[in-house]
Student: 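Submitted below is the structure of interest, expressed as structure tokens.
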Amino acid sequence: MFCSELEQFCPSWERAWKGLGAKTTGKDLYDALMIKYGEPHRKYHSLQHLSECLSLFASVQDLPTYPFEVEVALWFHDAIYEVERSDNEERSAEWARTAALKSGVVLAVADRIHNLIRATKHTGIPRKLDEQLLVDIDLAILGASQPRFAEYEHQIREEYAHVPEGLFRQKRHAILRSFLERERIYNTPHFYAIFEEQARSNLRIAIEQ
């Protein structure tokens with residue numbers, strides 16, 4: 001192993017990267033991702049979010065069709081996060097695809113990772129199981145306990161501190177309502193059962209506020 005057993009993220013990365021069939025250890029990528037998720041402007045899309053996602057994945061890792069690809073997609077889904085840009089998912093997806101190919105991963109696997117990451121734009125309803133699991137994990141924060149959800153809302157506001165309050169409230173209201181108006185927020189039976197009811201409660205409270 002290239003990092004200490006005590007580092008909480010290391011086992012996930014090493015297992016997933018090796019599982020892709022990569023011919024490299026992925027150490028440089030691991031270090032680069034740690035730096036990215038630790039960027040000071042990130043208040044929500046940070047190592048905390050990554051940790052929460054990986055913990056949830058560990059509870060369902062026997063469900064995906066391609067578990068290693070889903071796990072690597074989680075690592076990369078917010079790898080590039082600049083609040084004033086709207087193409088972060090595309091850029092993160094392309095980074096993951098390019099890095100995988102350079103490390104000897106076959107094209108079909110690299111393309112599936114790329115498509116998984118793009119699904120986290122949340123502009124449509126995911127149809128494939130692996131996309132549904134990835135998106136449900138990414139949206140699990142909406143169904144978190146009320147204190148954690150309130151912390152999340154505060155973290156998002158901090159990330160967009162440059163946006164005037166009135167405009168932020170208008171845009172945020174629209175985003176939250178778009179999730180509440182969905183027939184289902186969570187597409188997999190597993191996460192629907194765990195998070196759907198709490199997510200709808202959290203969203204209603206946030207919209208009212």
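Numbers here are sequence positions counted from 1. The structure presented is a predicted model; accordingly, all values stated were derived computationally and were not measured.
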Student: Under 4.5 Å between side-chain heavy atoms, counting indirect links through other Ile/Leu/Val/Met/Phe/Trp/Tyr residues: same cluster for Ile156 and Ile175 or not?
Tutor: yes
Student: I'd like to check Lys102 versus Thr24 (side-chain heavy atoms, cut-off strictly below 4.5 Å). Are they in contact?
Tutor: no
Student: Ignoring hydrogens and geometry beyond distance, is a side-chain donor-acceptor pair present between Asp136 and Thr188 at under 3.5 Å?
Tutor: yes
Student: Looking at Glu151 and Arg148, is any side-chain nitrogen of the basic one under 4.0 Å from a carboxylate oxygen of the acidic one?
Tutor: yes
Student: Under a 3.5 Å distance rule, please check whether Tyr152 uses its side chain to pair with a backbone N or O of Ala144 as donor and acceptor.
Tutor: no
Student: Verify the neighbour count for atom CZ of Arg118: are there more than 12 heavy atoms of other residues, nucleotides or ligands below 6.0 Å?
Tutor: no
Student: Would you say Ser103 and Trp17 make side-chain contact, with heavy atoms under 4.5 Å?
Tutor: yes
Student: Between Leu47 and Gly38, which heavy-atom pair has the shortest distance, and what is it?
Tutor: CG-N, 4.5 Å
Student: Between the main-chain N or O of Glu52 and the side-chain N or O of Ser55, is there a donor-acceptor pair closer than 3.5 Å?
Tutor: no
Student: Can Ile125 be reached from Ile117 by stepping across I, L, V, M, F, W or Y side chains whose heavy atoms are under 4.5 Å apart?
Tutor: no
Student: Does atom NE2 of His41 have more than 12 heavy-atom neighbours, drawn from other residues, nucleotides or ligands, at distances under 6.0 Å?
Tutor: yes
Student: Measure across Pro126 and Gln132 and return the closest heavy-atom pair with its distance rounded to 0.1 Å.
Tutor: O-NE2, 3.3 Å
Student: If I compare all heavy atoms of Gly104 with all of Lys23, which pair ends up nearest, and what's the gap?
Tutor: O-NZ, 3.7 Å
Student: Apply the side-chain contact (heavy atoms from CB on, under 4.5 Å) test between Phe76 and each candidate in Leu74, Val72, Ile80; give the one that qualifies.
Tutor: Val72
Student: Can you tell me how far CG of Leu139 sits from CG of Asn187, rounded to the nearest 0.5 angstrom?
Tutor: 9.0 Å
Student: Would you call Arg200 and Glu197 a salt bridge, using N to O less than 4.0 angstrom?
Tutor: no
Student: Working to the nearest 0.5 angstrom, can you tell me the gap between Leu167 CG and Glu165 CD?
Tutor: 10.0 Å
Student: Will you find, in the side chains of Asn88 and His45, an N or O donor that is under 3.5 Å from an N or O acceptor?
Tutor: no
Student: Is the NZ or CZ atom of Arg42 positioned over Tyr81's six-membered ring, under 6.0 angstrom from the centre and within 45° of the axis?
Tutor: no
Student: Answer yes or no: is there a side-chain heavy-atom contact under 4.5 Å between Ile113 and Tyr66?
Tutor: no
Student: Regarding Glu153 and Arg157, does a basic nitrogen lie under 4.0 Å from an acidic carboxylate oxygen?
Tutor: no
Student: With a 4.5 Å limit on heavy-atom distance, are the side chains of Leu33 and Phe9 in contact?
Tutor: no
Student: Answer whether the closest heavy-atom distance between the side chains of Phe149 and Ile205 falls below 4.5 Å.
Tutor: no
Student: Report the relative orientation of the aromatic rings in His122 and Phe179; use parallel for angles under 30°, tilted for 30 to 60°, perpendicular for over 60°.
Tutor: perpendicular
Student: Give a yes or no on whether Leu134 and Leu129 share a hydrophobic cluster (residues Ile, Leu, Val, Met, Phe, Trp, Tyr; joining criterion: side-chain heavy atoms under 4.5 Å apart).
Tutor: yes
Student: Any idea how Trp13 and Tyr30 line up, ring-wise: parallel (<30°), tilted (30 to 60°), or perpendicular (>60°)?
Tutor: tilted
Student: Assess whether side-chain contact (heavy atoms from CB on, under 4.5 Å) is satisfied between Met34 and Leu50, documenting all intermediate values.
Tutor: CA-CA 10 Å; Met34 288 289 101; Leu50 178 61; 4.2 Å; yes
Student: Looking only at non-hydrogen atoms, find the nearest pair between Val105 and Ala110 and report the distance.
Tutor: CG1-N, 4.1 Å
Student: Do Leu142 and Tyr186 have side-chain heavy atoms sitting under 4.5 Å apart?
Tutor: yes
Student: Is the shortest side-chain N to carboxylate O distance from Glu208 to Arg204 below 4.0 Å?
Tutor: no
Student: Working to the nearest 0.5 angstrom, can you tell me the gap between Leu176 CG and Leu180 CG?
Tutor: 9.0 Å
Student: Within the 4.5 Å heavy-atom criterion, are Ile185 and Phe191 side-chain neighbours or not?
Tutor: no
Student: Would you compute the distance between atom CZ of Arg15 and atom CD of Gln61 and round it to the nearest 0.5 angstrom?
Tutor: 5.5 Å
Student: Kindly give the heavy-atom pair with the smallest separation between Asp138 and Cys53, and that separation in Å.
Tutor: CA-SG, 4.4 Å
Student: Does some side-chain heavy atom of Glu84 sit less than 4.5 Å from a side-chain heavy atom of Val163?
Tutor: no
Student: Are Asp87 and Arg85 close enough for a salt bridge, meaning some N to O gap below 4.0 Å?
Tutor: yes
Student: Return the orientation label for the His77 and Tyr37 ring planes: parallel under 30°, perpendicular over 60°, tilted otherwise.
Tutor: tilted
Student: For a side-chain contact (heavy atoms from CB on, under 4.5 Å) check, start with the C-alpha distance between Trp75 and Leu29, then their side-chain angles and the critical distance, and finish with the verdict.
Tutor: CA-CA 10 Å; Trp75 273 90; Leu29 276 172; over 6 Å; no
Student: Nearest 0.5 Å, what's the CD1-NE2 distance between Ile137 and His49?
Tutor: 10.0 Å
Student: Hey, could you give me the CZ/CD distance between Phe168 and Glu159, rounded to the nearest 0.5 Å?
Tutor: 9.5 Å
Student: Give me the atom names and distance for the closest heavy-atom approach of Ser86 to Lys121.
Tutor: O-NZ, 3.3 Å
